[in-house]
Amino acid sequence: MAMIAVEVVLEKLASFVAEETRFLGGVRGGIVELQDDLYSMKSFLQDAEERSESDQGLRAWVKQVRDVAYDAEDILEEFMLRFAPSHGSGFTHHLRNSYRSIRKLSARHRLAVQLQSIKARVKAISERRNAFSLNRIDMPSTSSATVEKWHDPRLAALYLDEADVVGIENPKHQLVSWLVEGEEKLSSISVVGMGGLGKTTLVKKVYDSQPIRRSFDTHCWVTVSKSFASTELLRVALQGFLVTANEPVPDNLQSMTDLQLIDALRSYLWRRRYVIVLDDVWTVNAWETIKYAFPDCNSGSRIIFTTRLSNLAESIENTGRVYKLKALPENEAWTLFCMKAFRGEHKAVCPPELEEMSRNILKKCEGLPLAIVAIGGLLSKKKNKGLEWKKVHDCLATELKSNNDLGSLRRILQLSYDDLPYYLKQCYLYLSVFPEDYLIKRMKLIRLWMVERFVEEKQGFTMEEVAEEYLNELVNRSLIQVVEMNYFNRVKTCRVHDLMREIIQMKSREESFVMIANGARIGQNEKVRRLSIHENSEEVHSDMRFRYLWSLLSFSSHHSFEHGFRNYKLLRVLNLDRAPLSSFLPELVELIHLRYLSLRYTMISELPESIRKLKYLEILDLKRSFVSSLPAGITQLTCLCQLRNYRHSFQPASFFPDTHGMRVPSGIGRLTSLQKLGSVEVEDYELVRELGKLTSLRRLGILKLREEQGMDLCYTLDRLKHLTALYLVSLNKTEFLQFDSLSSPPKYLQRLYLKCSLPALPGWIASLQYISKLVLQYSNLKSDPLKALQKLPSLVLLELRQAYAGEELCCDPSGFPKLKKLGLHELERLRRIRIATGSMPGLERLDITACTVLETVPDGIENLNNIEDLVLWHMPSTFIKTIMRYSEDFWRVQHVTTITRIYESWGRWVSETLL
């Protein structure tokens, strides 16, 4: 993390020199000198950080580097804010500028003094570097850490007895059948999963099994390290094949070149049916450099990869199958835990008095076999099984760090983290701010990464797109667990395995990266940079002066913040979701460094005019708060990129919520940096046209539109060329919206919500090549909308809510090629649905709600091979009877995985599974 801190401050220094030249004056030379010193120091940091795991003195040196980098960043941040240009005109503005000029001279002098202090510290730290004999990044390391890697913690997985393995039979049988059966051409099998899941153990049992030994002429096992050398891999492979076949190894094996080794392997393997295991592959390059050594002789040869990288198989030629190894189910995890923790007991049975504690400890392992074995083995050695087991449960991070019995577990889990590039390391460590079992929403995480400046610019991509790449990379490396994917194949929610969370919380505390207010003592002089408050956290007292704090994130619904925020002058990120706040705290507007302020789910109903002071605010999130109008001061926040505020409410007997937004002041068009704005209530007729000035918008929500505003709406939409999501709601469900004047709809639109009456479906909708989600509500169309929409090439989700007044919906062959979810809601006259063979080939879910005269399920539903869910809301019993088992139309739906009926009973909704 010292490397990360230095990288960040170097980037800031470079930007500072490039953009702030006119303000630096005589300070510029000191800035450049500091840059040079830090570049020099950075070149030694990688070696230092690798070795600091086992060297306490070196760890202290790395901490000094990190702290000086953080302090330099604070100084630069404060200086840049003081030099920011002011806006305005006239005599008052002239006086203000004169005053600011005097202040700038003072600030420049103070910067020079502070820089001298920083440079002196950097020089002293650099001089102490020689005491540790550090190597540059581009020099080979001979450190003890490197030597230690030869004691590979994965070695034990190769020699487990059958009696020590649980839950392996089914995956073992599956892999054996894939290897032995199938096509004759060379193909691969990838076994994928996070570290400690048992990939090596499983594949070793498969590799040693009799069916494999009988089916293949020759076989070989190669363990691939992170720092692999192609020559060594080829040498080990050749030697392995020859030794297992009892054939002589060439005398010159150690001196053979890559080309000679490849030729020797190809010659030996030609016309043989072989199987080779490449265990623990970290990069596709490991395969690319040696793949030519393994010929395809159409003899049924197989290559097995074990890896933590879920996309590895996609990158490999001759890709065969992928087996995603899952955690042990609860019953098998319990069996394994008891085998290890109670091996001295009769039949390894857990005593009743320890069962609750045992299950709580087991829960932290989350089905990870390596963790269960390691922690179970540790517990078996504890004499006082009550208090000592509780200590392990409560202080697992400490045990992972200091207990030798858990060293192998810690190293295996940490290998994936250690392999990350610096920009992903800080993104991953940041996940430690979230509470245990917290479901992390994709966009929440992306927004936080962006305002924390973890996301690097990439030409041709938005910052959000780059951040999503980071997230997908962490998922691919098995460091983040996906809880739910949306219909667009994007992560919706995710989480971190409990043990990885323990490790990154421990590292975050060590690195002063994130502190959790959980009862751990925080020293008065400790430079806490990020503080996270969880539901069970201790109160943050008024005497705790976190003057270096950059980020404060609260995930507590009861933490009062009665002492306010006066002690947090450098705060940049403030997350107060669900905080028990009924009014806006006045001191918040004094936090002039703020980039991010979230007041989601609070009871706050009004923002002060003084909000204008937060001139560097980039994201203001008021979603599901009670703020209904914004003050005029909001128009001075010209750095705002996202301004979000909407909430939902349900009316009696309504299936879908009403949306409530915010009234915004005249002048909102000044916020030209806005990319997301929603939802705006346009009671002012001129406001609709003013929104057309916000040409950077990607997402826009407009509520309470009137029919006479149609021309102005079209004028605005013609100018918003970058829109990807648009949410339009009329004043009431009978209010028509006219789109006839729209000459050039946003061509990159991906999501469109139209909640209004329509005289006809706008023709431009059918031209939207990238539209993936479309919701039509209250449209009351006379013509079949499926006919008009079925050719949309990217449409994944379609909902029709009171949107069609006809009796029949029809879809032609090859219609809706990408559709995964279709919702038909409250189509009161609909009697029949016809889905032609070949249409909607990928449909996974069909929802039908309150279509009271619909006679039966769609004609053609029997041809939808991928449908998994049929959800029937408030459908009459006559309809339900048509699809019950032994009914006339049951054959149409018998292939559907789950049929759910939801109906109202005694004032509440009841869910019932029919199939």
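This structure is a prediction, so every number in the text was calculated from the model and none was measured.
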Closest heavy-atom pair and its distance - Ser839, Ile835
OG-CG2, 3.0 Å
Inspect the surroundings of NZ in Lys492 and state if more than 12 heavy atoms from other residues, nucleotides or ligands are less than 6.0 Å away.
no
Presence of salt bridge, Asp812 and Lys787, under 4.0 angstrom:
yes
For Phe434 and Tyr438, take the angle between the two ring planes, folded into 0 to 90°, and tell me which bin it lands in: parallel under 30, tilted 30 to 60, perpendicular over 60.
parallel
CZ/Phe656: more than 12 non-hydrogen atoms of other groups inside 6.0 Å:
yes
Is it the case that His660 and Ser628 place a side-chain donor and acceptor less than 3.5 Å from each other?
no
With side chain to side chain contact (heavy atoms under 4.5 Å, CB included) as the criterion, how do Met194 and Gln481 come out once you've worked through the C-alpha distance, each side chain's angles and the decisive distance to 0.1 Å?
CA-CA 9 Å; Met194 72 175 288; Gln481 299 175 331; 4.2 Å; yes
Arg578, CZ atom: more than 12 neighbouring heavy atoms under 6.0 Å:
no
Would you please classify the geometry between the Tyr423 ring and the Tyr470 ring as parallel, tilted or perpendicular, with 30° and 60° separating the classes?
tilted
Counting the benzene-type ring for Trp, do Phe655 and His825 have ring centres under 6.0 Å apart?
no
Glu862/Arg892 salt bridge by N-O under 4.0 Å criterion
yes
CD/Glu686: more than 12 non-hydrogen atoms of other groups inside 6.0 Å:
no
With side chain to side chain contact (heavy atoms under 4.5 Å, CB included) as the criterion, how do Lys821 and Glu799 come out once you've worked through the C-alpha distance, each side chain's angles and the decisive distance to 0.1 Å?
CA-CA 8 Å; Lys821 181 182 178 183; Glu799 288 198 35; 4.3 Å; yes
Just to verify, which of Arg600, Arg644, Lys441 counts as forming a salt bridge (Lys or Arg N to Asp or Glu O under 4.0 Å) with Asp621?
Arg600
Side-chain donor-acceptor pair under 3.5 Å between Lys773 and Tyr753, yes or no?
yes
In sequence, state the C-alpha distance, the side-chain angles, and the governing distance for Asn575 and Ser598, and then conclude on side chain to side chain contact (heavy atoms under 4.5 Å, CB included).
CA-CA 5 Å; Asn575 183 87; Ser598 179; 3.6 Å; yes
Sidechain-backbone polar pair: Ser911 side chain, Ile902 backbone, donor-acceptor under 3.5 Å
no
When you measure from the side chain of Asn780 to the backbone of Tyr804, do you find a donor-acceptor pair of N or O atoms at a distance under 3.5 Å?
no
If we count only N and O atoms by modelled type, under 3.5 Å, do the side chains of Glu844 and Tyr487 hold a donor and an acceptor together?
no
What is the minimum heavy-atom distance between Leu827 and Cys851, and which atoms define it?
N-SG, 3.7 Å
For a salt bridge (Lys or Arg N to Asp or Glu O under 4.0 Å) with Glu464, tell me which candidate from Lys458, Arg699, Lys676 qualifies.
Lys676
Shortest non-hydrogen pair, Gly678 vs Tyr646, comes out as O-CD2, 4.0 Å
Crowding at CZ, Arg832 (>12 non-hydrogen neighbours, <6.0 Å):
yes
Quick one: does any side-chain atom of Trp449 pair with a main-chain N or O of Cys427 as donor and acceptor, under 3.5 Å?
yes
Do other residues, nucleotides or ligands put more than 12 heavy atoms under 6.0 Å from His895 NE2?
yes
Heavy-atom count check: over 12 atoms from other residues, nucleotides or ligands less than 6.0 Å from Lys324 NZ?
no
Check: Ser772 side chain, Val796 main-chain N or O, donor-acceptor pair, under 3.5 Å:
no
Closest heavy-atom pair, Leu674 versus Gln642, reported as atoms and distance to 0.1 Å, is CD2-N, 3.9 Å
When every non-hydrogen atom of Tyr428 is compared with those of Leu479, the smallest separation belongs to OH-O, 2.9 Å
About how many Å separate CG of Asn472 and CZ of Arg490, when rounded to the nearest 0.5 Å?
9.0 Å
In terms of side-chain heavy atoms, does Thr882 have a donor or acceptor partner in Asp889 at a distance below 3.5 Å?
no
Where Leu720 and Leu691 come nearest, the two heavy atoms and their spacing
CD2-O, 3.8 Å
Between side-chain atoms of residues 721-731 and protein atoms elsewhere (two or more places apart, or another chain), which donor-acceptor pairs fall under 3.5 Å?
from: Lys721; atom 1: NZ; to: Asp718; atom 2: O; distance (Å): 2.7
from: Lys721; atom 1: NZ; to: Ser744; atom 2: OG; distance (Å): 3.2
from: Thr724; atom 1: OG1; to: Arg698; atom 2: O; distance (Å): 3.1
from: Tyr727; atom 1: OH; to: Thr659; atom 2: OG1; distance (Å): 2.6
from: Tyr727; atom 1: OH; to: Lys755; atom 2: NZ; distance (Å): 3.0
from: Ser730; atom 1: OG; to: Asn732; atom 2: O; distance (Å): 2.7
from: Ser730; atom 1: OG; to: Lys755; atom 2: O; distance (Å): 3.3

Kindly check if the number of other-residue, nucleotide or ligand heavy atoms within 6.0 Å of CE (Met485) is above 12?
yes
Can a donor-acceptor pair be found, under 3.5 Å and without considering hydrogens, that links the side chain of Gln675 to the backbone of Ser696?
no
So Ile771 and Ile765, side chain to side chain contact (heavy atoms under 4.5 Å, CB included) or not? Walk me through it.
CA-CA 9 Å; Ile771 196 79; Ile765 292 182; 5.9 Å; no
